[in-house]
Amino acid sequence: ASFFESLTPMQVQKLHNQFARADADKSGLVKLGDFVQKLHSAKAADDEGLFEQTLGILKRSNASQRITGFMSFNDIVAILLPLCSAQRVGEIVDSMAAAKPQKTASQALLQSKIGSMAALSRMSSLRDAEEEFPPEIPDGEEISLDKLLELHRLFDQVDAGGVGWIT
């Protein structure tokens, strides 16, 4: 199949476990290539073939072109369930999270700060690699939707307070 029609909470949990393994800095964002590597290494132990099917879907989707871009778990689930709205994808992921023990407020705040620091670190490493960051886009030039979404996700990670600017 070129996509899943649905995913069970157990399947979402299995995929999320691999996502968490790829998310070494716990920022909530991974390079798609890192996620694919984790699926490859885990597929031998996957009796139901979920990881193999997921790899096939990701390979056939346009996501394979974004192998170096950062993606959230919701982004990956959205690729696997293209007929679901973003809201429905969020509900599916949330239903998996609802079964887990809830974090305390201080744990959630700490996780948010760690994610912001990881995003800043990634942005700093891009700058240190002598790449222009943020990328200079001449007036009137279009950028790809993938690039726009990646920049938006990075901005949201850094702008944890939701004020709309970074100082």
Side-chain angles (χ1 to χ4, degrees), residues 1-103 107-108 111-112 114-123 125-126 135 142-160 162:
S2 60
F3 59 87
F4 289 104
E5 289 184 25
S6 66
L7 290 169
T8 67
M10 182 62 77
Q11 289 172 321
V12 174
Q13 182 63 53
K14 286 181 178 182
L15 290 169
H16 191 267
N17 289 346
Q18 298 309 311
F19 180 89
R21 289 181 59 221
D23 186 15
D25 63 2
K26 306 296 182 225
S27 66
L29 297 171
V30 300
K31 286 185 179 178
L32 187 59
D34 294 345
F35 179 67
V36 165
Q37 281 183 318
K38 296 303 180 190
L39 289 176
H40 270 294
S41 66
K43 71 180 181 181
D46 177 31
D47 295 338
E48 69 176 304
L50 172 67
F51 299 155
E52 185 72 38
Q53 190 174 0
T54 299
L55 287 166
I57 292 168
L58 291 174
K59 183 178 179 183
R60 286 186 297 277
S61 77
N62 64 351
S64 62
Q65 298 167 359
R66 298 181 287 195
I67 205 82
T68 58
F70 289 97
M71 302 186 87
S72 69
F73 185 64
N74 285 31
D75 295 332
I76 292 170
V77 173
I79 293 167
L80 301 176
L81 298 170
L83 300 179
C84 289
S85 67
Q87 179 180 353
R88 179 67 185 128
V89 166
E91 290 169 358
I92 290 168
V93 172
D94 290 346
S95 70
M96 177 225 30
K100 291 178 161 182
Q102 296 299 313
K103 292 181 180 178
Q107 288 172 322
Q111 187 66 36
S112 170
I114 290 171
S116 296
M117 289 173 22
L120 283 171
S121 173
R122 278 195 297 278
M123 290 181 354
S125 68
L126 285 173
E142 293 185 12
I143 63 170
S144 69
L145 179 58
D146 293 337
K147 187 65 165 177
L148 176 66
L149 290 173
E150 184 175 348
L151 290 171
H152 189 269
R153 278 191 294 271
L154 284 172
F155 180 83
D156 286 346
Q157 284 288 317
V158 176
D159 182 31

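Bear in mind that the values here come from a model prediction, so they are computed numbers and not experimental data.
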Do the non-hydrogen side-chain atoms of K43 and L55 ever get within less than 4.5 Å of each other?
-> yes
Should F35 and L58 be marked as a side chain to side chain contact (heavy atoms under 4.5 Å, CB included) after you check the CA-CA gap, both sets of side-chain angles, and the distance that decides it?
-> CA-CA 10 Å; F35 179 67; L58 291 174; 4.0 Å; yes
Value for CZ (R88) from CG (L83), rounded to nearest 0.5 Å, stands at 12.5 Å
Worked check of side chain to side chain contact (heavy atoms under 4.5 Å, CB included) between T54 and L80 | CA-CA 7 Å; T54 299; L80 301 176; 3.7 Å; yes
Rounded to the nearest 0.5 Å, the CD1 atom of I57 sits from the CG atom of L81 at a distance of 8.0 Å
Nearest heavy-atom pair of K38 and Q18: which atoms, and what distance?
-> O-OE1, 3.4 Å
State the CD1-CG distance between I76 and L32, to the nearest 0.5 angstrom.
-> 6.0 Å
Closest contact, heavy atoms only, V12 versus F73 | O-CZ, 3.6 Å
Check: D46 side chain, F51 main-chain N or O, donor-acceptor pair, under 3.5 Å | yes
The reported gap from CZ in R21 to CG in L39 (rounded to nearest 0.5 angstrom) is 9.0 Å
Side chains of E48 and Q53, donor plus acceptor under 3.5 Å | no
For M71 and I79, which heavy atoms make the closest approach, and how far apart are they?
-> CE-CD1, 3.3 Å
Tell me, with the steps shown, if L7 and L15 meet side chain to side chain contact (heavy atoms under 4.5 Å, CB included).
-> CA-CA 10 Å; L7 290 169; L15 290 169; 4.2 Å; yes
Here the pair of heavy atoms bringing I92 nearest to C84 is CD1-SG, 4.3 Å
When you measure from the side chain of D23 to the backbone N and O of G28, does any donor-acceptor pair fall under 3.5 Å?
-> yes
From N74 CG over to H16 NE2, what is the distance, rounded to the nearest 0.5 angstrom?
-> 8.5 Å
Is the closest side-chain donor-acceptor distance between S27 and D25 under 3.5 Å?
-> yes
Does the side chain to side chain contact (heavy atoms under 4.5 Å, CB included) test come out yes or no for S6 and Q11, once each step is laid out?
-> CA-CA 10 Å; S6 66; Q11 289 172 321; over 6 Å; no
